Amino acid sequence: MKKPLIGIAADRVPSPTHGLRVELPDKYIEAILQSGGIPLLIPIGLAESDLPELINRIDGILLAGGGDIEPSLFNGTPHASIYGINFDRDQQEIELTKLALQSGIPLLGICRGIQVMNVAMQGGLHTHLLDQLPHALQHSTDKNLPRDFLAHTVRIEPASQLYHIIHQEEI
């Protein structure tokens, strides 16, 4: 059986010795491997004209977490808490999302990736929930807590694909 080739959109960050480097937490790679797939890092900077060919060659895309999305891409309000904006990453991941949706290949967004998917489909975002929606659920946790700390429950829509996979309405 052929293993699925899963593209993972990576970030590009400054390096003290090499100018810029491609970066991605290894937990994403490990998850693809443990799920029986072959991870393929997608670096920022590919020509937009090459993205359709990339989509045709891979079996799915994972949009990883990371910094915030440039507010001008979704008519957002600038806020002092915004961090890690990478306009090139935003544009490439938005285009990858649109192409994945058009082609029907599986697409998974984690944290920032979910927000990218929303923006790609013409959705909006709040740049700082607690300022813009004072009664909203706190999504940030203390930086001293472990990354796998379960901060809140998530409701799953019964008609969603995720529900059909896990058969639970709340996790």
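In this chain, numbering begins with 1 at the start of the sequence shown. Please read these numbers as outputs of a predicted model, since none were measured by experiment.
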What's the separation between atom [atom1] in [X] and atom [atom2] in [Y], rounded to the nearest 0.5 Å?
| X | Y | atom1 | atom2 | answer |
| --- | --- | --- | --- | --- |
| D148 | L150 | CG | CG | 7.0 Å |
| E169 | Y163 | CD | OH | 5.5 Å |
| Q91 | E95 | CD | CD | 9.5 Å |
| I110 | L63 | CD1 | CG | 9.0 Å |
| H126 | T77 | NE2 | OG1 | 9.5 Å |
| Q115 | I69 | CD | CD1 | 5.0 Å |

Minimum heavy-atom separation for [X] and [Y], please, with both atom names.
| X | Y | result |
| --- | --- | --- |
| A9 | L24 | O-CD1, 3.9 Å |
| M117 | L108 | SD-C, 4.2 Å |
| V116 | I94 | CG1-N, 3.9 Å |
| V22 | A10 | CG1-CB, 3.5 Å |
| L46 | Q92 | N-OE1, 3.2 Å |
| C111 | G65 | CB-CA, 4.3 Å |

Less than 4.5 Å apart, side chain to side chain, heavy atoms only: is that true for [X] and [Y]?
| X | Y | value |
| --- | --- | --- |
| P71 | I85 | yes |
| I105 | D59 | no |
| D68 | T127 | no |
| P39 | L33 | yes |
| I32 | I8 | yes |
| R155 | I171 | no |
| I156 | Q168 | no |
| I6 | I61 | no |

- Has H164 got more than 12 heavy atoms of other residues, nucleotides or ligands less than 6.0 Å from its NE2?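 Above 12, so yes.
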- Task: Please check if atom CD in E48 has more than 12 non-hydrogen atoms from other residues, nucleotides or ligands closer than 6.0 Å.
- Result: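 Open.
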- Message: Checking L73 against F87 for the side-chain contact (heavy atoms from CB on, under 4.5 Å) test, could you report, in this order, the C-alpha distance in whole Å, the side-chain angles of both residues, the deciding distance, and whether it holds?
- Response: CA-CA 9 Å; L73 293 171; F87 190 74; 3.6 Å; yes
- Any residue meeting salt bridge (Lys or Arg N to Asp or Glu O under 4.0 Å) with R112, in chain and number order, not counting sequence neighbours: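 So R112 forms a salt bridge (Lys or Arg N to Asp or Glu O under 4.0 Å) with D90, E93.
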State whether the side chain of [X] and the backbone N or O of [Y] hold a donor-acceptor pair below 3.5 Å, judged by distance alone.
| X | Y | value |
| --- | --- | --- |
| H18 | L20 | no |
| E70 | S72 | yes |
| D26 | I29 | no |

Is there a path of hydrophobic side-chain contacts, each under 4.5 Å between heavy atoms of I, L, V, M, F, W or Y residues, that connects [X] with [Y]?
| X | Y | value |
| --- | --- | --- |
| L62 | L40 | no |
| L5 | L99 | yes |
| V154 | I114 | no |

- When you look at L107 and L96, which way does the side-chain contact (heavy atoms from CB on, under 4.5 Å) test go after all the steps? CA-CA 10 Å; L107 175 65; L96 283 169; over 6 Å; no
- Query: Under the side-chain contact (heavy atoms from CB on, under 4.5 Å) criterion, do I44 and D11 qualify, and how do the steps go?
  - Reply: CA-CA 7 Å; I44 295 170; D11 201 357; 3.7 Å; yes
